[in-house]
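Have a look at the structure below, then the notes.
Because the structure is predicted, anything quoted here is derived from the model rather than measured. Convention: sequence-line order gives letters A, B, ...; per-chain numbering from 1.
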Amino acid sequence: MCGRYNVTDDPALRALLDYLNVKAAVTEQYNITPTENVPVVRQIGSERELRYMHWWLIPHWLEEPQTTYAMFNARAEGLAESRAFRAPFKRQRCIFPVSSFIEWRAEDGKQPYLIQPVEGALAVAGIWERWGEEGKPEAQIHSCAMITTDAVPGIHKIHARMPVMLPADALSQWLDPAIDGRDLLPLLLPQLPVDVTVQAVERRINNGRVKERPELIGEPELIGRCG
DNA sequence: CCAGACGTTGTT
DNA sequence: GTCTGG
DNA sequence: CCAGACGTTGTT
DNA sequence: GTCTGG
């Protein structure tokens, strides 16, 4: 990606939210770009919730929100050491429900490809922050970033990086704020927890203002979760 | 992530 | 070439 | 000590 | 808020 994805309100995504024991529903969003509000699942104590957050992490110590630095992705490598990321990584982790995401490859310009699970939705690892005065919850901004890692071979043909996709049996640990993030670093490996397809899509979605379902082009390629 | 702007003076 | 906006 | 950074991707 | 560079 790790800078464009889709959220579809379909059985696959609902199944993921059910699995996480989250009741709320999502709104369909296509061609989501950094700085948009996106749904993420987080856990406070033992309570999980779906909450819309600004997709561009705003560290709590900033005087004012800014976009000077690219903060919508956070590299898994160095996450525990990064000044900007390590605090939220420690106890403010979240999951991005993702129906499909987009990667680009240079082919006479930029050709977008849709990566989509064959079955179910993706649980992408993330971190979140809260910015603003403690006493004014309505004025606070919640923000989030997706964690990235090296692409697995099947996806590397398109792009060298990809979001960290968590397997189902890792989700409870990932969301548990009682666990220190540093103890969860082994979860942040390049891996496909499910089979996915990679398929070219129309280039007009390169423009982030286009918010329609992308038209597929050509044949999908199946990438097995083990290769 | 990609696309598109990136600027001023003066007029409506 | 680089920054901003979506 | 204080000031300034704190980031990613992709390309060369 | 905390680390790095000067």
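Checking B/dC1, D/dT9, D/dC6 against the side-chain heavy atoms of A/Y69 singles out D/dC6 as nearest. Comparing atom distances between the A/A70 side chain and each of B/dC1, D/dT8, D/dT9 picks out D/dT8 as nearest. Residue A/H60 places its side chain closer to E/dG1 than to any other of D/dC6, C/dG6, E/dG1. Considering only the side chain of A/F72, B/dC1 comes nearest among D/dT9, D/dA5, B/dC1.
Within the nucleic acid shown, A/S82 comes within 4.0 Å of sugar-phosphate atoms alone, with no base atom in reach, counting heavy atoms only. At a threshold of 4.0 angstrom between heavy atoms, the contacts of A/F85 are confined to the sugar-phosphate backbone, with no base atom among them. Among the protein residues, A/R86 comes within range of the sugar-phosphate backbone only, with heavy atoms under 4.0 Å from sugar or phosphate atoms but none that close to a base. Counting non-hydrogen atoms under 4.0 angstrom, A/A84 reaches the backbone sugars and phosphates but no base. Within the 4.0 angstrom heavy-atom criterion, only backbone atoms of the sugar-phosphate kind lie near A/A74; the bases stay farther away.
Annotation: E/dG1 and D/dT9 have their C1' atoms spaced 27 Å apart (nearest Å). When the P atom is used for both D/dT11 and B/dA3, the distance is 13 Å, rounded to whole Å. Here the separation of B/dC1 from D/dG7, taken at their C1' atoms, is 14 Å to the nearest Å. Spacing of P atoms, C/dG6 relative to D/dG4, comes out at 30 Å, to the nearest Å. Going from the C1' atom of D/dT8 to that of C/dT2 covers 15 Å, rounded to whole Å. Rounded to a whole angstrom, the distance from the C1' atom of C/dG5 to that of D/dA5 is 24 Å.
Regarding contacts with the backbone of C/dG6, every side-chain N or O of A/R4 stays at 4.0 angstrom or more from both OP1 and OP2. Contact annotation: A/T68 does not reach the phosphate of D/dG7 (side-chain N/O to OP1 or OP2, under 4.0 Å). Not one side-chain nitrogen or oxygen of A/N207 sits closer than 4.0 Å to the OP1 or OP2 atom of B/dC2. A close approach under 4.0 Å does not occur between any side-chain nitrogen or oxygen of A/R83 and OP1 or OP2 of E/dT2. The side chain of A/N73 places no N or O atom within less than 4.0 Å of a non-bridging phosphate oxygen (OP1 or OP2) of B/dC1.
Put simply, CH2 on A/W104 is 17 Å from C1' on D/dT11, counting in whole angstrom units. Following rounding to the nearest Å, A/M71 (CE) and D/dA5 (C1') show an atom-to-atom distance of 11 Å. At whole-Å resolution of the value, CG in A/N37 and C1' in C/dG6 are 12 Å apart. For A/I58 and D/dC6, the CD1 to P distance is 18 Å, given to the nearest whole Å. Nucleotide D/dT9 holds its C1' atom 15 Å from the CZ atom of A/F101, rounded to whole Å. In this entry the distance linking CG of A/L62 with P of D/dA5 reads 13 Å, nearest Å. For A/K211 and B/dA3, the NZ to C1' distance is 12 Å, given to the nearest whole Å. Nucleotide B/dG4 holds its P atom 12 Å from the NZ atom of A/K110, rounded to whole Å.
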I'd like to know whether A/L187 forms a side-chain contact (heavy atoms from CB on, under 4.5 Å) with A/L166, so could you lay out the CA-CA distance, the side-chain angles of the two residues, the decisive distance to 0.1 Å, and finally the verdict. CA-CA 7 Å; A/L187 298 179; A/L166 296 170; 4.3 Å; yes
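Residue A/T35 places a side-chain atom within donor-acceptor reach of the base of C/dG6, judged by atom type and a 3.5 Å distance cut-off alone.
Shown are A/T8, A/L50, A/V38; of these, the side-chain contact (heavy atoms from CB on, under 4.5 Å) with A/V26 is made only by A/L50. The residue from A/F85, A/F96, A/Y5, A/W56 that alone fulfils the ring pair (Phe, Tyr, Trp, His ring centres under 6.0 Å) condition with A/F72 is A/W56.
By the rule that hydrophobic residues join a cluster once side-chain heavy atoms approach within less than 4.5 Å of another member, A/V210 and A/I217 end up as members of separate clusters. By the rule that hydrophobic residues join a cluster once side-chain heavy atoms approach within less than 4.5 Å of another member, A/M165 and A/V98 end up as members of one cluster.
When only modelled atom types and interatomic distance are considered, A/N6 and A/S100 share a side-chain donor-acceptor pair under 3.5 Å.
Stacking between A/W61 and E/dG1 is present: the aromatic ring centre lies within less than 5.5 angstrom of the base six-membered ring centre, and the two planes differ by under 30 degrees.
Of all nucleotides present, only D/dA3 satisfies the Watson-Crick or G-U wobble test against E/dT4, with each distance under 3.5 Å.
In summary, A/R225 and A/E119 do not engage in a salt bridge, as defined by a charged side-chain N under 4.0 Å from a carboxylate O.
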